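The structure appears right after this line, and notes come after that.
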Amino acid sequence: MANGSKKQCTFAESAIPKDIDQVQSVDVVVDELEGKLAVGNIMRSVDDAYLLYCKYAHAKGFSVKKCDQRYFSHTNELQAKEFECSCEGVKDEKRSSQRLLIYQKPITRTKCKVKLRITREKGGEWKFLSWKMKCMDHNLGFIRKDAYDHLSRLKKHTKVENGDASALLQYFINKSNNEAFFYWNVQLDDDNRVINFFFRDYRCRVDYEYFGDVVSVDTTYRTNRYNLICAPFVGINHHRQNVMFGLAFMSDETESSFEWLFSTFLDSMSGKQPETIFSDQCQAMMNAIEKIFPCAHHRLCQWHINQNAPLHLGNLNGDSMFKHLWHKCMSHCESEEEFEATWKSMMDQYNLGSHKWLNGMYKLRHKWATAFSNQKFSAGLLATSRSEATNLVLKKAGNKSISLYDFVLIYEKIQTNWRAKEKAEDTRCRHGKPSMIVKNHPLLSHAADVYTLNIYQLFELELINSLNTIFDEQPLDFGSPSLEFKVKSHVFNYMNVSTLPKSYIKKRWMKNARDRVFDEAIEDKSGNGSTHTSEMVFVNQAMRSIYDLTMQAKAYEETRNVLVGIINSATQQINALVENLSLNDQNGCEKSIVDEEDGDEVLIRNPLYVKSRGLTNARIVRH
């Protein structure tokens, strides 16, 4: 399509911070349930008692299992029943020692003593007989269902029958008015047709703060009735699951469109650049990334490169030795020097000095060969497979006739499902510890305490593999803190290392990756002094911490007084500081779509159908 000149539609972002965990306190609920569970109270049935106890356990943060029961003599009539915390007891090591698969399961039984017992007289009513309330470890148990997320899932959307594009933009406006820090941006052509748009919600921004060090962008799929390019921004969380940072649709793959997209994404994230960004081998995208993300390390997707290589290699495709050298250059050279030697050997052995495609790939070697990325964090990724998987999910959920508005709603359902899976994995990690192959190993024990289950398994494998070596010579001391080892085994034992050094623990892989309060300032690389999104993250974390302290302090008068004193002292200090600081008022965001040139409201038109260049299928093959 002929885009003509492009203009930007004013985006809307709510300026009122709202915490995703800002829900009604569970204090009243817990107190009410404790009253109903008091010893001597009557229940109609065993099931009623069980459900009531489950509600209480859910609010307090643990789960319940049915346990021992007793019958009246010489009958099948139930006389007594016990319910215990699911962490009760210990794991039977003898039964599991011969089963390899058991090592993949977390340990969930930690000797917890929480127990509820009900009983009755023959033919009588059920009564609560005894109740042990104190748990051995309150860190192991349920995570409360977030009421905010629950209400969001139940919320029903109403279509605005004003055309597809107008309905979508009106939906964005409504979201920005009702949801804290929802961000959207749309680019229009001269006929006010939508050509590019991007959006992300509050949770995407928070996720990017925690896990935005590595970002994957893939634009190889087209979807919906306008054949627009779908461009999800995807990362990886502390469980090595996909996490979404935002979604865009584009009408073309020109350098100017990519510049608009990446600038918009960067603006939505308050100028914070990723450490590493993965993309496919599109020259326009590569140019835009170099310009908009100068601080990021750009990696090309190895999967795409290997898919395209056969088109250029001809008879070499059937040569096993060439394939071995090629794949070694891709992923198996430990140093830049080893890569250069292997590449030269491959080019000389097959007389490929004038091979145009291989020479072009050599110029880009820093973007695809792992030997040049050993010092750059990439979360273990080599390709845009995270984005590919996202595109596949979106493609299955939608179809070629779906509207933009409906596609966005489907995307939000997928995003909600991903977030529910992360919560489930959080519960699995906090509900137990991994079973260790080497029992009582101090490093493994420490790793099990700090890392998520998936990351722990990777760490355990690395550590076990390292135990196959021993010292060849004494370490050479080059001055603190540098030591050079020639090793064959047991380095950690030799150096008496029993815990992981703090500097070597990547916070983004920890169980409590989301529980940390950010005390470091978020570096503003945009140069515009914007800090509102870092304030958003601070508010979210501070409210959680204060809530936790309040729950801990409520039981005793002394702890309540300490907390009140701290709050009063902090209030006085903050008020004094605020009086001496010059605060910049933030203007309210626009609540309607306005033409920036003359201030008149404009009619937003649907995008034209974009014809793929010589392609009719949904996938665009890269060359």
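One is the number of the first residue; the rest follow in order along the sequence. Excluded from the calculations below are hydrogen atoms, water molecules and symmetry mates; all remaining heavy atoms, backbone and side chain alike, are included. Owing to the predicted nature of the structure, the values given are computational and were not obtained by experimental measurement.
- Within a 6.0 Å sphere centred on CD of Glu290, other residues, nucleotides and ligands contribute 12 heavy atoms or fewer.
- In this pair, Phe265 and Phe198 present their aromatic rings perpendicular. The plane angle is above 60°, beyond the 30 to 60° band.
- Ring pair Phe249/Phe407 is perpendicular by interplanar angle, where above 60° counts as perpendicular and below 30° as parallel.
- In terms of modelled atom types and a separation under 3.5 Å, the side chain of Lys323 and the main chain of Asn317 share a donor-acceptor contact.
- Between Asp426 and Arg419 there is no salt bridge, since none of the side-chain N atoms of the basic residue sits less than 4.0 Å from a carboxylate O of the acidic one.
- The OG1 atom of Thr452 sits 9.0 Å away from atom CD of Gln457, with the distance rounded to the nearest 0.5 Å.
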Please evaluate residues Lys272 and Glu209 with respect to the criterion side-chain contact (heavy atoms from CB on, under 4.5 Å), reporting the C-alpha separation (whole Å), side-chain torsions for both, the decisive distance (0.1 Å), and the verdict.
CA-CA 9 Å; Lys272 181 181 178 180; Glu209 191 61 48; 3.2 Å; yes

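- Panel note: side chain Arg299, backbone Ser216; no donor-acceptor pair is recorded below 3.5 Å.
- Minimum interatomic distance between Ala284 and Thr254 (heavy atoms only, all atoms of both residues): CB-C, 3.9 Å.
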Stepwise side chain to side chain donor-acceptor pair (under 3.5 Å) test for Asn237 and Glu422:
CA-CA 8 Å; Asn237 67 13; Glu422 180 182 329; 3.3 Å; yes

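- With ring centers used as reference points, Trp357 lies under 6.0 Å from Trp326.
- Of all heavy-atom pairs spanning Ile236 and Val243, the tightest one is N-CG1, 3.6 Å.
- Geometric assessment of Lys506 against the ring of Phe377 yields a positive cation-pi assignment under the 6.0 Å and 45° thresholds.
- Classified by interplanar angle (parallel below 30°, tilted 30° to 60°, perpendicular above 60°), the ring pair His238/Phe211 is parallel.
- Heavy-atom minimum distance, Thr499 versus Leu443: C-CD2, 3.5 Å.
- Summarising the geometry of Gly353 relative to Asn359, their closest heavy-atom pair is O-ND2, 3.0 Å, with the distance given to 0.1 Å.
- With rounding to the nearest 0.5 Å, the separation of OG in Ser335 from CZ in Phe372 is 9.0 Å.
- Between the side chain of Asn454 and the backbone N or O of His239 there is at least one donor-acceptor pair closer than 3.5 Å.
- Listed here is the closest heavy atom pair of Met346 and Leu352: O-CD1, 4.2 Å.
- Nearest approach of His298 to Ser279, heavy atoms of both residues: NE2-OG, 2.7 Å.
- At distances below 3.5 Å, not a single donor-acceptor pair connects side-chain atoms of Ser345 with backbone N or O atoms of Ala341.
- To the nearest 0.5 Å, the span separating CH2 on Trp418 from CD on Gln241 amounts to 10.0 Å.
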Glu340 and Tyr362: CA distance, side-chain angles, deciding distance, side chain to side chain donor-acceptor pair (under 3.5 Å) verdict:
CA-CA 10 Å; Glu340 296 292 352; Tyr362 179 76; 2.8 Å; yes

Do Asp267 and Thr264 pass the side chain to side chain donor-acceptor pair (under 3.5 Å) test, and can you show the C-alpha distance, the side-chain angles, and the key distance before you say yes or no?
CA-CA 5 Å; Asp267 180 68; Thr264 299; over 6 Å; no

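- With a 4.5 Å cut-off on side-chain heavy atoms, Leu358 and His312 do not count as touching.
- Residues Lys502 and Val450 fail the side-chain proximity criterion, which asks for heavy atoms closer than 4.5 Å.
- Side-chain contact between Val408 and Asp406: absent, with no pair of heavy atoms (C-beta onward) separated by less than 4.5 Å.
- Listed for the Asn308 side chain is a donor-acceptor partner under 3.5 Å among the backbone atoms of His304.
- Between the side chain of Lys376 and the main chain of Glu275, no donor-acceptor pair closer than 3.5 Å is present.
- Residue Asn315 places its CG atom among 12 or fewer non-hydrogen atoms of other residues, nucleotides or ligands, all under 6.0 Å distant.
- With ring centers used as reference points, Tyr202 lies 6.0 Å or more from Phe182.
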Take Gln302 and Ser331, measure what side chain to side chain donor-acceptor pair (under 3.5 Å) needs, and give me the verdict at the end.
CA-CA 9 Å; Gln302 286 194 356; Ser331 306; 2.9 Å; yes

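- Separation of atoms CD1 (Ile410) and CD (Glu412) is listed at 11.0 Å; rounding is to 0.5 Å.
- Side-chain contact between Leu444 and Phe459 is present, with heavy atoms from C-beta onward closer than 4.5 Å.
- Between Asp201 and Lys175 there is no salt bridge, since no side-chain nitrogen of the basic residue lies less than 4.0 Å from a carboxylate oxygen of the acidic one.
- Tyr451 contributes no side-chain N or O that, together with a main-chain N or O of Lys511, makes up a donor-acceptor pair within less than 3.5 Å.
- We find that Lys291 and Glu255 are not joined by a salt bridge, their nearest charged nitrogen and carboxylate oxygen being 4.0 Å or further apart.
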Evaluate Leu169 against Phe197 for side-chain contact (heavy atoms from CB on, under 4.5 Å), listing each step before the verdict.
CA-CA 10 Å; Leu169 267 62; Phe197 74 84; over 6 Å; no

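- Side-chain contact between Cys230 and Thr219 is absent, with no heavy atoms from C-beta onward closer than 4.5 Å.
- A donor-acceptor distance shorter than 3.5 angstrom exists from the side chain of Gln273 to the backbone of Cys295, with no hydrogens or angles considered.
- Here Ile229 contributes atom CD1 and Leu261 contributes atom CG; the two are 10.0 Å apart, rounded to the nearest 0.5 Å.
- In this structure the side chain of Gln349 reaches within 4.5 angstrom of the side chain of Met321, judged on heavy atoms.
- Under the 4.5 Å side-chain criterion, counting only non-hydrogen atoms from C-beta, Val206 is in contact with Arg514.
- Here Cys301 contributes atom SG and Asn306 contributes atom CG; the two are 9.0 Å apart, rounded to the nearest 0.5 Å.
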Run Lys507 and Asn512 through side-chain contact (heavy atoms from CB on, under 4.5 Å) and show every step you take.
CA-CA 8 Å; Lys507 293 180 180 179; Asn512 63 345; over 6 Å; no

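- Between the side chain of Asn196 and the backbone N or O of Ser251 there is at least one donor-acceptor pair closer than 3.5 Å.
- Thr276 has its side chain out of reach of Asp213: every pair of non-hydrogen atoms, C-beta onward, lies at least 4.5 Å apart.
- Of the residues listed (Phe199, Phe233, Tyr208), the one engaging Phe245 in a ring pair (Phe, Tyr, Trp, His ring centres under 6.0 Å) is Tyr208, and it is the only one.
- With hydrogens and angles ignored, the 3.5 Å screen pairs no side-chain donor or acceptor of Arg428 with any backbone N or O of Glu425.
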